[in-house]
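What's counted below: heavy atoms across the whole structure, side chains too, no hydrogens, waters or symmetry copies. The chains referred to below are lettered A, B, ... by the order of the sequence lines, with proteins before strands, and numbering in each begins at 1.
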Protein chains: 2
Amino acid sequence: MKEQVIDKKTAIMESALKLFTERGFHGTSTAQISKEAGIATGTLFNYFPTKENLINSLYFEVKGQLSQSMGKEIEAQNTFQDKLRKIWSNLIKWGVDNQEKFLFVGQFCSSPYITKFTREEVMKEYVFLHDLVNQGIKTGVSRDFSAELTIAMFYQASRVVVNLIHDSDSSQNKNKFIEDGFHIIWEGLANN
Amino acid sequence: MKEQVIDKKTAIMESALKLFTERGFHGTSTAQISKEAGIATGTLFNYFPTKENLINSLYFEVKGQLSQSMGKEIEAQNTFQDKLRKIWSNLIKWGVDNQEKFLFVGQFCSSPYITKFTREEVMKEYVFLHDLVNQGIKTGVSRDFSAELTIAMFYQASRVVVNLIHDSDSSQNKNKFIEDGFHIIWEGLANN
DNA sequence: AGTGTAACTGACTAATCAGTCAATTATAGA
DNA sequence: TCTATAATTGACTGATTAGTCAGTTACACT
């Protein structure tokens with residue numbers, strides 16, 4: 001019954017994701033998650049020993065998907081700017097296509113329910129971004145800001161754009177937001 | 001007994017602020033808030049009819065303080081850049097001095113517990129920022145981005161800087177974060 | 001068909017929740 | 001000092017919580 005196992009586990013995680021973003025961690029009961037997933041409350045605890053474990057598993061999973069999407073095809077880009085632009089569009093695309101997950105990450109990345117261990121595990125997948133940014137500084141393409149500042153600015157800017165796209169209905173606005181957002185970040189970081 | 005009334009009310013709000021940021025809305029019980037404030041549970045409900053009312057009152061109050069601090073002394077500034085820079089430093093200063101409140105606003109501005117009414121009431125205090133940004137566009141000083149995008153970018157950038165200052169111990173880093181943060185935003189927005 | 005095992009169920013529990021209210025205390029004016 | 005009123009209390013309530021567990025079901029292998 002391997003198929004079933006996977007189906008129920010993902011069903012639980014999808015329901016949890018939906019309800020957590022709608023109502024928060026404490027606002028969502030395990031009974032509600034189980035009901036939404038179409039299983040008994042006991043079954044949830046077969047897959048996740050505690051509610052906290054479910055939260056952390058979900059965060060780990062979603063953040064992994066995000067960082068994976070973000071890094072797609074950047075090797076094919078030649079210049080620093082092109083690489084950054086590619087990461088930007090990857091990030092926005094993932095955020096728009098996975099709006100619920102994007103909201104979840106934003107809403108809960110600073111939550112006390114996510115353990116230090118999970119946070120540090122997740123951080124390991126972002127080393128490539130750190131390296132890229134430092135390389136941009138070393139080659140003189142971007143200004144000498146701290147990598148933390150640069151990355152945080154970049155990421156928060158993407159959140160702004162995704163939220164604006166989400167709230168706006170017109171799809172022509174969408175492309176302008178993406179363009180303008182990148183413009184702001186690029187002109188802000190670049191060395192000229 | 002007017003003095004007493006104010007003291008207890010603020011004691012409740014301060015305790016709630018502390019616990020909400022530490023543990024979230026649902027993670028904090030009215031009993032915990034009362035205990036922290038040094039009063040009985042019943043007393044809390046004399047001042048705030050429901051927990052939701054307490055949350056919204058607190059959000060309204062804190063956001064009001066934030067917008068008030070943000071707008072200080074901007075009339076004394078002549079150019080658009082100087083005005084923006086003044087707002088920037090006001091915002092950062094308030095965030096650093098009122099770290100708990102800054103966290104609270106950031107953590108809960110997109111929360112489902114804050115009613116649409118409260119959100120709209122709060123929004124009214126930010127009209128002056130909208131006007132300023134639109135004026136910057138009209139005079140050609142800043143590029144023709146949507147005001148929503150500009151304001152959101154500006155505000156999120158300040159959150160990044162405040163968080164970095166909070167996590168960093170050195171105070172010389174602090175000034176560099178503030179300078180660099182403004183540089184990124186200004187170069188990103190300005191028309192050259 | 002019979003058997004062993006893993007997945008699943010939902011009624012159950014002790015703890016905790018937001019909110020109530022009858023009783024108590026503090027205060028201000030006469 | 002007496003009295004009316006407002007502020008405060010904390011034990012209490014019905015509802016809800018995370019997590020348990022004895023019993024049931026589904027299936028794989030012989």
Side-chain angles (χ1 to χ4, degrees), chain A residues 1-61 104 108 111-115 117-118, chain B residues 1-60 104 107-108 111-115 117-118:
Chain A
M1 266 186 65
K2 205 67 192 294
E3 288 308 313
Q4 270 288 4
V5 167
I6 291 175
D7 280 344
K8 297 225 164 152
K9 193 164 186 177
T10 51
I12 293 168
M13 291 176 95
E14 277 169 17
S15 302
L17 178 71
K18 183 187 164 193
L19 294 171
F20 283 156
T21 48
E22 268 174 29
R23 319 158 67 93
F25 286 151
H26 270 99
T28 305
S29 69
T30 51
Q32 285 173 312
I33 298 168
S34 304
K35 194 178 176 185
E36 177 82 21
I39 55 154
T41 53
T43 306
L44 188 150
F45 290 94
N46 274 350
Y47 294 101
F48 305 96
T50 63
K51 191 185 179 183
E52 193 187 306
N53 181 277
L54 167 60
I55 292 169
N56 280 272
S57 299
L58 191 56
Y59 185 74
F60 187 79
E61 166 71 22
F104 173 78
F108 296 119
S111 162
Y113 311 115
I114 288 157
T115 65
F117 176 78
T118 303
Chain B
M1 266 185 66
K2 204 66 192 292
E3 289 308 314
Q4 269 288 3
V5 166
I6 289 174
D7 280 344
K8 298 226 163 152
K9 194 165 186 175
T10 52
I12 293 167
M13 288 177 97
E14 276 169 17
S15 302
L17 178 71
K18 184 188 166 195
L19 294 171
F20 283 156
T21 49
E22 268 175 30
R23 321 157 65 93
F25 287 151
H26 270 100
T28 305
S29 68
T30 51
Q32 285 173 311
I33 298 168
S34 304
K35 195 179 176 184
E36 176 83 22
I39 54 154
T41 53
T43 307
L44 188 148
F45 289 96
N46 273 351
Y47 294 101
F48 305 95
T50 63
K51 191 184 179 183
E52 194 187 304
N53 182 279
L54 167 59
I55 293 169
N56 280 273
S57 299
L58 191 56
Y59 184 74
F60 186 78
F104 172 79
Q107 220 164 339
F108 296 120
S111 162
Y113 309 117
I114 289 156
T115 64
F117 177 78
T118 303

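Between B:N46 atom CG and C:dA18 atom C1' the separation is 15 Å, expressed in whole Å. Between B:K35 atom NZ and C:dT16 atom P the separation is 12 Å, expressed in whole Å. The nearest whole Å value for the distance from the CZ atom in A:F48 to the P atom in D:dT20 is 15 Å. The CD1 atom of B:I33 sits 15 Å away from the C1' atom of C:dT16 (whole-angstrom rounding). Atom pair A:I12:CD1 and D:dA18:P shows a separation of 14 Å (rounding to whole Å applied). When the C1' atom of D:dT16 is taken as reference, atom CZ of A:F25 falls 20 Å away, rounded to whole Å. Between the CG atom of A:N53 and the P atom of D:dA18 there is a distance of 14 Å, given to the nearest Å. Regarding B:Q32, its CD atom lies at a distance of 8 Å from the P atom of C:dA18, rounded to whole Å.
Comparing atom distances between the B:I39 side chain and each of D:dT8, D:dT9, C:dG19 picks out D:dT9 as nearest. When distances are taken from the side chain of A:F45 to each of D:dT20, C:dA7, C:dC17, the shortest belongs to D:dT20. Listed nucleotides D:dG19, D:dT9, C:dT9 differ in distance to A:K51; the shortest reach to its side chain belongs to D:dG19. Taking only side-chain atoms of A:A40, from C-beta outward, the nucleotide of C:dC17, D:dG19, C:dG10 with the closest atom is C:dG10. Side-chain atoms of A:T30 lie closest to D:dA18 of the nucleotides D:dT8, D:dA18, C:dT9.
Going from atom CD of B:Q107 over to atom CZ of B:F20 covers 11.5 Å, rounded to the nearest 0.5 Å.
When each of B:I55, B:L54, B:I33 is tested with B:F48 by the rule side chain to side chain contact (heavy atoms under 4.5 Å, CB included), just one qualifies, namely B:L54.
Among the protein residues, B:L44 comes within range of no part of the nucleic acid, since none of its heavy atoms lies under 4.0 Å from any strand. Nucleic acid contact class of B:T28 (heavy atoms, under 4.0 Å, all strands): sugar-phosphate only. Residue contacts shown for A:S29 are limited to sugar-phosphate atoms, with no base heavy atom under 4.0 Å away.
Checking the phosphate oxygens (OP1, OP2) of D:dG10, no side-chain nitrogen or oxygen of B:T41 falls inside 4.0 Å. Of the side-chain N and O atoms in B:Y47, one or more sit less than 4.0 angstrom from OP1 or OP2 of D:dT8.
With a 4.5 Å cut-off on side-chain heavy atoms, B:F25 and B:F108 count as touching. Annotation: side chain of A:T115 is in contact with side chain of A:E52 (closest heavy-atom distance under 4.5 Å). Under the 4.5 Å side-chain criterion, counting only non-hydrogen atoms from C-beta, B:Y47 is not in contact with B:M13.
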